[in-house]
Each structure stands twice: as structure tokens, then as C-alpha cells.
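This report refers to the structure that appears directly beneath it.
A, B, ... follow the sequence lines: proteins, then strands. Residue 1 opens every chain.
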Amino acid sequence: MSDEPRETPSNFIQDIIREHNASGRFGGNVITRFPPEPNGYLHIGHAEAISIDFGMAQEFGGRCHLRFDDTNPTKESQEYVDAIIDTVRWLGYDWGPHLYYASDYFEQLYAWAVQLVKAGKAYVDDLTPEQMSEYRGTLTEPGRESPYRNRSVEENLDLLHRMRVGEFDDGTRTLRAKIDMASGNINLRDPVMYRIRKATHQRTGDAWCIYPMYDWAHGQSDSIEGVTHSICTLEYEDHRPLYDWYLDQLGVHHPQQIEFARLNVSHTVTSKRKLLELVEQELVSGWDDPRMPTLVGLRRRGYTPEAIRDFCHRVGVAKAAKVVDIAFLEHCLREDLNRRAERRMAVLRPLKLVIENYPEGQVEALEAVNNPEDPAAGTRKVPFSRVLYIDVDDFRDPAPPKYFRLSPGVEVRLRYAYIVKCTDVERDSSGQVTTVRCTYDPDSRGGDSRGRKVKGTIHWVSASHSIPAEVRLYDHLFTVPKPDDVDEWRSILNPNSLEVVRGARLEPALAGVPPGSIFQFERQGYFCVDLRESTPARLILNRTVGLRDTWAKIEGKG
RNA sequence: UGGGGCGUGGCCAAGUGGCUAAGGCGCGGGACUUUGGAUCCCGUAUUCGGAGGUUCGAAUCCUCCCGCCCCAACCA
């Protein structure tokens, strides 16, 4: 990977692995896995998990598997499998030949279930879901044992077999582990191992009508694959005793489960339910809407895999719940884009600027640097002529204090072109400025101020040479840092999270750039050609993230 | 009233009994600048949830207290 750990602090998972390596517990092997359920799109929170799973393996010379936890056919689909594979790959991770599915292990899991039944450690229960809930007890009261708990091994074996061959209806019976109905840990109150679901599975078809629960499948899948460190989020901490119990009963290879706090990013939601709600209620345009915290959304927004990986890396790994400021994500993005994005000029809201003393019909090709951070990016020619467009934001009459841009009587530099002085302004009947008139200094070609102090430099495009584009300006989806804390979270949706600017004008070098290309529009921000809707005939660009805007801060303070 | 975790500046996060409590983000100030970008400086916790205790010495050990998160799907 190109982005090696930089100012990344050590973390407790590394400590644990080092201890294992020192004691020889896993013979120095470090095998991890990223185990998504194919029932939704991956989001920024998953990116950290992926980063840790693959990162730890990489750091210790091991490997990481991609395994789908596809144990619930009623919620999963091949579409999600494909999307997840595509996204993890896009992020830059490689699992080599180690692509697995929990469903690959169904037969083995069943054999193990039979083994537990024979050992008197599992039984078929006839309780209905409602009854089972009643029998489970509460957080503070112990549960009660099911009346079916003490069936004979023979009867359990027979019933389990008949569950498998489809003799019983959905929900009528389950196979349960016989552990402890009085445990303070509810996961140990005879957890369900198999439930009946007469559903077609995307990979196993109709071969099965009983499907393993997560707990019954996960640890054993890890074990089969030889996983050494099963890294997961904190909510599974309570499940570890069960993870350990199953593996111990079976007497098979026993990985170490390690839990860390999941990553949350401010101004976003990542719960599946809320993300789905945003999509279904058309509050966003889809899972890949550039405002979504999904990885497909971030990708379409213009985020690079490098920036996301760097972010996950730098955020750190710990066990304390965290909500990282989205400003930090944006910082990592800008840092990456600053060094790789070529510069271009684009005028989002055009204001005509006429240079009175510039010869009518003359055109000059002025040289502009493509990327000041990368000399190898070279230069390009930008056409300059008598009639230009500048951004409406770059002209003010009167000029407010500390405003360095154009205003009547004031000189400003046109980036890579000439120094111009505003001599006149034309307005429409409502007083709106329609045209700014200037004179230019022919001796300042290229923007050379020749000892003079010119405070401002503004960007421009030649009116007749520029090309049109639609530019979509994105902002945070939510107006508050922690949308999850607000009950009616839709009331805190940012009404300005998307602003469509239709009449933008771009320098001609931008003609024909392919979808996905990223540029910095000088003085404004980073923009990418939309992956989904942009066409050569109708260019659409997304603002990935703005540049740091010191002027906005000054002005904001009044 | 059960079980499992977690509490270091606005947000992350090092620190694992001993120099003045790393670093990043953010924020404030300055330098530089043909992007008010980038870069570069400087500043930003007398104190580690609180109270006691152990110790020559504690964010680090002990005790009690407070706060926050997760768990009662035939979801993962």
C-alpha cells in the first residue's frame, strides 16, 4: 500500500498480537478476516474495520480473508455481495484467493451441530418465538428452562434431521445450545443455533431450509479458515463467551476474538435503518448519492481510497466510543488531493469582465502550472481574450474591509494572465452588476506584478473559449454533529446540502475529461466529474470538498 | 435490581509508577505567497470523570462514588 503508517499511534490490538507472537500462541501467524453480511452497502464505519482487519494482517506479515456472513437468505443478495467485493477492492485491499462464504461451511456446521446434540449440549426446542422470549427472562431476572430442554439425544437427533429435510414449518422449531438459562449474559441463555427458513439462498439455493445463526456460524467459520485474530466491534464483546463456548465444546482451532470501538463520523448517520430511510424517502438520490457516508457515495463524491485509508489509520483504534469530526476526514482528503489533483480554472457564477484596452479579436495562450505541488504535472495553455468571466464573488462594490478582490478603482491580478484595474461597472435596472469594465497592464503578462503590490489574484475564463457545465455543490447532510441524538432527525437535514449551479463556465482544457477525474478549481476546491450522470455533451461536476476559505472566516466574523 | 465495556483539552489519541502529560484535527496569532490554497512558525490540559488511600513519587496501583455505551431478534 502506498500510504504507510505515519503519525499513527500504537494500539491495543497490536499489543495483543505481539503478546501472542511472543508466547507462540498461534505460532506467529496472524490471519484475520473481514466478515460483512451481504445485506447492505458498506459505509465509512466499515472502512475502519476493513483497515484494521487487513492492516493488522499486513503489518504482521499475515493475511486477511474476505468472508461473507451469508447466514440469513431472507435479507441477503448477490447484488450486495458483488457491491461489497467491488468496494473493498476499490479501497485497495486484496484477499488473494481467500474469498469465502459462511455458506461454504453449512455442511460442516450441521455435522458439528449433530456432534453437540450427541454430547447432550444442544436440543430441539418447540417453543414459539413469543414463548421463547418469555422464557428468556429479562436483563435482571433469570430465564426459565424450556420444557423441551431435556429431550433424549435420539429424539433430538431425529427432530434435527427432520428440521433439515423440511418436515416442519418456518418458526416452529429451533436447535438450541444447552448452556445456562440463568446466566447474567443473555447470549448464554440457550442461544438458538438453527432456525427454519424455507427460503432460497443466493448461493446454496434450496439445499437448506435451516440456517445457522450468526453466533453458531461465525466462530466456526473463523476456525475452519485458521483465523487467529477475529477482530470485531464492541457490541460483540458480550458474544465472546459464546464464541469461546462453541469452539471449546467442539475442540477445534480457537481464534482470539478482539473487540474495538466502531468509528462514527460527525454530521452523518450510519445505521442501516436510517441510511435506508434516506434512500427510500428520496431525501438523497440513492445509495451512491455524493452526500451519503457509504463508500459508493464517498467514491462518487470524489474521495480517494488513499484519503479514506489514511483517515482510518490516523483516527486510531481504541475501545472508547468515538465520533470523529468530519473536518478530520476532509482534512485527510484535502491533503491527498492537494498533492495529486491538477489545477484548472472554472467560474461557477459568471460575471462578465471586459478589458477595454485589450485588442478586439486578439487571443493569447497563457501558460499555467498544472500542479504547484508536483512539477512533473507540467503546464498547459489557457486562452485569454478581451471578454472574460470572473466569479460574482470576486467583485464587490463597495469593497468590504480586508477584501482583496476586484472593486472599482482597484487592481487585481488575473491568475497567470495580467493585472487589471476596474474602471467602470454596468448595472441592470435592479442595480445588479452585469459587466465589469477594466483596463489591463500589458507589461504584467503572466501575472508579473513587477514590484507593485497587488493583494488579490482571481481566477477567470475566456468567455468565448469557455465550456459550460453543471456543478453540484455539496455540504454536510446534517446540520448537527450528532444526528443520532436528535429524535426527529429529518428536521436537522441540511437544506443546503446540495446546491446545483447550472451556468458554470470552465476553461477549455476541461472539455472531454472522463468521469471520475478530479481537479482543483483554483481558489475554490476539488471537483470530480460525476461518475453516473456526466456525459461529454453535458458535463457534471461534483464539489468533493472546498479549499480552506480564510476569507469566509474573516467575513463571517464581520 | 443482571451481565459486559468505556471515561486523558472542543474532536480523535499516545501514555502501562519517575525528566516540564506525545501527536493529529479544530481553533487563535504570525511569516511567506501569482490559489485569502499549500507550506512554515507560535499559542491552545498546572492536569488526566470525582473523592479518598498506597508511595519519596500516580493519568498509571487500591477503595468507593459519578457518568456514558452495549445486551432481553428464530438479525448480524
>> Please classify the nucleic acid contact of A:Val454 as base, sugar-phosphate, or nothing, using heavy-atom distances under 4.0 Å.
In response: nothing
Classified by glycosidic angle (syn within 90° of 0, else anti), B:rA73 comes out syn
Taking N or O atoms only and anything under 3.5 Å, show me the protein contacts with nucleotides 29-31 of chain B, one pair per line.
none

Report which part of the nucleic acid A:Asp125 touches: base, sugar-phosphate, or nothing (heavy-atom distance under 4.0 Å, all strands).
nothing
Evaluate the ring planes of A:Tyr105 and A:Tyr100, with Trp represented by its six-membered ring, and classify them as parallel (under 30°), tilted (30 to 60°) or perpendicular (over 60°). tilted
- request: With heavy atoms under 4.0 Å as the rule, sort A:Glu237 into base, sugar-phosphate or nothing.
  value: sugar-phosphate
- prompt: Base, sugar-phosphate, or nothing for A:Leu127, non-hydrogen atoms under 4.0 angstrom?
  reply: base
**Message:** Students often get this wrong, so: under 4.0 angstrom with heavy atoms, is A:Lys455 touching a base, only sugar-phosphate, or nothing?
**Reply:** nothing
message: Please confirm whether the ring centroid of A:His201 lies under 6.0 Å from the ring centroid of A:Phe106.
response: yes
Would you please indicate if the ring centroids of A:Phe527 and A:Phe519 are separated by under 6.0 Å? no
Between CG of A:Asp244 and C1' of B:rG4 the distance, given in whole Å, is 14 Å
Practice problem: Identify whether any heavy atom of A:Thr71 sits under 4.0 Å from a base atom; if not, whether one sits that close to sugar-phosphate; answer base, sugar-phosphate or nothing. | Solution: sugar-phosphate
The residue, A:Tyr526 or A:Asn72, whose nearest nucleotide of RNA chain B is more 5′ is A:Tyr526
Taking only nitrogen or oxygen atoms into account, show me every contact under 3.5 Å that the protein makes with nucleotides 15-18 of chain B, one pair per line with its distance.
residue : atom : partner : partner atom : Å
B:rG15  : OP1  : A:Ser10 : OG           : 2.9
B:rU16  : O4   : A:Asp15 : OD2          : 3.4

| query | B:rA14 and B:rG52: how far apart are their C1' atoms, nearest whole angstrom? | reply | 28 Å
Answer for the Watson-Crick or wobble partner of B:rA73, both distances under 3.5 Å, is none
Applying the 3.5 Å cut-off to both distances, the Watson-Crick or G-U partner of B:rA21 turns out to be none
Of A:Met132 and A:Asn371, the one whose closest nucleotide on RNA chain B sits nearer the 5' end is A:Asn371
In short, ring pair (Phe, Tyr, Trp, His ring centres under 6.0 Å) pairs touching residues 319-351 of chain A with sequence neighbours left out are A:Phe311-A:Phe328
Exercise. With a non-hydrogen cut-off below 4.0 angstrom, is A:Glu259 in contact with a base, only sugar-phosphate, or nothing?
Worked result: nothing
Sort me out a list of protein N/O and nucleotides 65-72 of chain B N/O pairs below 3.5 Å, or just none if empty.
residue : atom : partner  : partner atom : Å
B:rA72  : O2'  : A:Arg136 : NE           : 3.2

Does A:Lys553 have a side-chain nitrogen or oxygen under 4.0 Å from the phosphate oxygens OP1 or OP2 of B:rC27? yes
Output side-chain donor-acceptor pairs under 3.5 Å for residues 266-276 of chain A, partner residues at least two apart or in another chain, one line each.
residue  : atom : partner  : partner atom : Å
A:Ser266 : OG   : A:Ile326 : N            : 2.8
A:His267 : ND1  : A:Phe478 : O            : 3.4
A:His267 : ND1  : A:Val480 : O            : 3.3
A:Thr268 : OG1  : A:Val265 : O            : 2.6
A:Ser271 : OG   : A:Lys274 : N            : 3.1
A:Lys272 : NZ   : A:Asn39  : OD1          : 2.7
A:Lys274 : NZ   : A:Asp484 : OD1          : 2.8

Sugar-phosphate, base or nothing in reach of A:Thr174, heavy atoms under 4.0 Å: base
With a 4.0 Å cut-off on heavy atoms, is A:Thr550 in touch with a base, just the backbone sugar-phosphate, or nothing at all? sugar-phosphate
Nearest-Å distance once atom P is located in both B:rU16 and B:rA21: 14 Å
Scanning all shown strands, the Watson-Crick or wobble mate of B:rG26 with both distances under 3.5 Å is B:rU44
### Task
Verify whether the ring centers belonging to A:Trp460 and A:Phe384 lie closer than 6.0 Å.
yes
Any strand, both distances under 3.5 Å, Watson-Crick or G-U wobble: B:rU63 pairs with B:rA51
Taken to the nearest whole Å, OH/A:Tyr135 to C1'/B:rC74 is 17 Å
Those residues at least two apart in sequence (or on a different chain) that pass side-chain hydrogen bond (donor to acceptor under 3.5 Å, both in side chains) with A:Ser466 are A:Arg505
Roughly how many Å apart are B:rG24 and B:rA13, using the C1' atom of each and rounding to a whole number? 8 Å
